[in-house]
Amino acid sequence: MLQSFPKVAQNPPSSVAELLERAQDLVGFSFAELAAIAQVQVPSSLRNAKGWTGQLLELFLGASAGSKAEQDFPELGVELKTIPVNLAAMPLETTYVCIAPLLGLNGVSWEHSNVRNKLSQVLWIPIDGRREIPVAERTVGLPLLWQPNEAQEQQLRRDWEEITEAIILGQVESITARMGSALQLRPKAANSKALTAAYGASGEPIQTLPRGFYLKKEFTRTILCEGLGLGK
DNA sequence: CTGTGATCATTA
DNA sequence: TAATGATCACAG
């Protein structure tokens, strides 16, 4: 099969097929190679460049830049997630999904939740992210376009409902990352001093750390292994 | 400050 | 040593 050389996208993909084509063209390339093409520097460490990998791939796939609270490819209904894995395809990190609203949740249903919207269709791009490999030498893996199956959808729904219920009841501060089987709630802020409004235990307004929804590693591992036919 | 992209680093 | 809670950079 003919392999086109990857290049920085000048426009968003016009179809899912085109998006997948672009992703396919990146397979096997190292970050050093891609960074050279995109004319950006490879950080020696991701310590001060935590989102670098995801943003590098966005350049090649043509994702609309910015920090809008919507999918990366709104016209295609696709969300992009780069996920560092080891040789066993085990995710090395949890996956950030979206900010968790702490107010105005009355009447919000799973069907209309941001979590469901973001996860309705995801283009997963695994990265060989082994820590012992220099960032420049890490490579892009096989892309996987995923939609939650019935069981996964219900699992996510149960977690979301449990967590959301706790938020509504003013228990945000007692929710730990242990709650939920696939989805978890964790801090998502510039630092521990950032504050946002939420409900207190008596329904009174309080200020608390902003939270975000994340996918636990094991859930993501199952997606990748089933989707890529790697067995379990 | 909120939301995007996430990984770091301390602790259990 | 894995997971939780904390943090980094940047756009708007």
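Only a predicted model underlies this, so the values are computations on that prediction, with no experimental measurement involved. Letters A, B, ... are given to chains in the order of the sequence lines, protein chains preceding strands, and every chain is numbered from 1.
- A:Lys188 places no side-chain N or O within 3.5 Å of a backbone atom of A:Ala100 that could act as its donor or acceptor partner.
- Checking side-chain atoms of A:Glu204 against main-chain N and O of A:Ser202 turns up a donor-acceptor pair under 3.5 Å.
- Contacts with DNA chain B (heavy atom under 4.0 Å) in residues 34-55 of chain A: A:Leu46, A:Arg47, A:Lys50, A:Gly51, A:Gly54, A:Gln55, listed by number.
- Nearest heavy atom pair, residue A:Gln184 against residue A:Ala177, reads NE2-O, 3.0 Å.
- When distances run from any side-chain atom of A:Pro210 to the nucleotides B:dT2, C:dG5, B:dT4, the shortest one goes to B:dT2.
- In this structure a side-chain-to-backbone donor-acceptor pair under 3.5 Å is missing from A:Gln71 to A:Lys118.
- If you measure from atom CG of A:Leu61 to atom C1' of B:dG5, you get 14 Å, rounded to the nearest angstrom.
- Counting only distance, with no hydrogens or angles, the side chain of A:Gln152 and the backbone of A:Asn149 share a donor-acceptor pair below 3.5 Å.
- Straight-line distance from the CD1 atom of A:Ile99 to the C1' atom of B:dC1: 11 Å, rounded to whole Å.
- For the residue pair A:Ala166 and A:Ile175, the shortest heavy atom distance occurs at CB-CD1, 3.6 Å.
- If you check every strand for non-hydrogen atoms under 4.0 Å, A:Gln207 touches nothing.
- Taking the centre of each ring, A:Phe5 and A:Phe29 come in below the 6.0 Å mark.
- Side-chain proximity of A:Thr196 to the nucleotides B:dT2, C:dA6, B:dT7 is greatest for B:dT2.
- In this structure a side-chain-to-backbone donor-acceptor pair under 3.5 Å is present from A:Asp159 to A:Ala182.
- Contacts between residues 109-139 of chain A and DNA chain B, defined by a heavy-atom separation below 4.0 Å, involve A:Lys118, A:Arg131, listed by number.
- Proximity of a side-chain donor or acceptor of A:Arg138 to a complementary backbone N or O of A:Ile133 within less than 3.5 Å is detected.
- Toward the 5' end of DNA chain C, the nearer of the two residues A:Glu93 and A:Ser192, judged by each one's closest nucleotide, is A:Glu93.
- Nucleic acid contact class of A:Leu209 (heavy atoms, under 4.0 Å, all strands): sugar-phosphate only.
- Rounded to an integer number of Å, the gap from CG of A:Leu185 to P of C:dA3 is 18 Å.
- Atoms CD (A:Glu58) and P (C:dA9) sit 18 Å apart, rounded to a whole Å.
- A:Gln121 places no side-chain N or O within donor-acceptor distance of the main-chain N or O of A:Leu119, the cut-off being under 3.5 Å.
- Across the protein-nucleic acid pair, A:Asp72 atom CG and B:dG3 atom P stand 16 Å apart, rounded to whole Å.
- A:Lys216 comes within 4.0 angstrom of no nucleic acid atom, judged by non-hydrogen atoms across all strands.
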A:Glu162/A:Arg158 under salt bridge (charged side-chain N to carboxylate O under 4.0 Å, His left out): CA gap, chis, key distance, verdict | CA-CA 6 Å; A:Glu162 181 184 17; A:Arg158 282 192 300 273; over 6 Å; no
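- The listed nucleotides are B:dG5, C:dT7, C:dA3; the one nearest the side chain of A:Lys217 is C:dA3.
- The base of C:dA3 is not paired with the side chain of A:Tyr214 by any donor and acceptor separated by under 3.5 Å.
- A:Leu59 places its CG atom 18 Å from the P atom of B:dT4, with the value rounded to the nearest Å.
- For the salt bridge (charged side-chain N to carboxylate O under 4.0 Å, His left out) criterion with A:Glu93, the lone passing option out of A:Arg131, A:Lys81, A:Lys50 is A:Arg131.
- Relative to the axis of its first five pairs, the axis of the last five pairs of the helix from B:dC1-C:dG12 to B:dA12-C:dT1 sits at 30°, rounded to 10 degrees.
- Positionally, the nearest nucleotide of DNA chain B for A:Ala194 lies more toward the 5' end than for the other of A:Val97 and A:Ala194.
- Residue A:Thr82 is in sugar-phosphate contact alone, with no base atom involved, counting any heavy-atom pair closer than 4.0 Å across all strands shown.
- C:dT4 atom P lies 18 Å from atom OH of A:Tyr96, rounded to whole Å.
- A side-chain donor-acceptor contact under 3.5 Å links A:Glu153 and A:Trp110.
- What separates NZ of A:Lys188 from P of C:dT4 is a distance of 17 Å, to the nearest Å.
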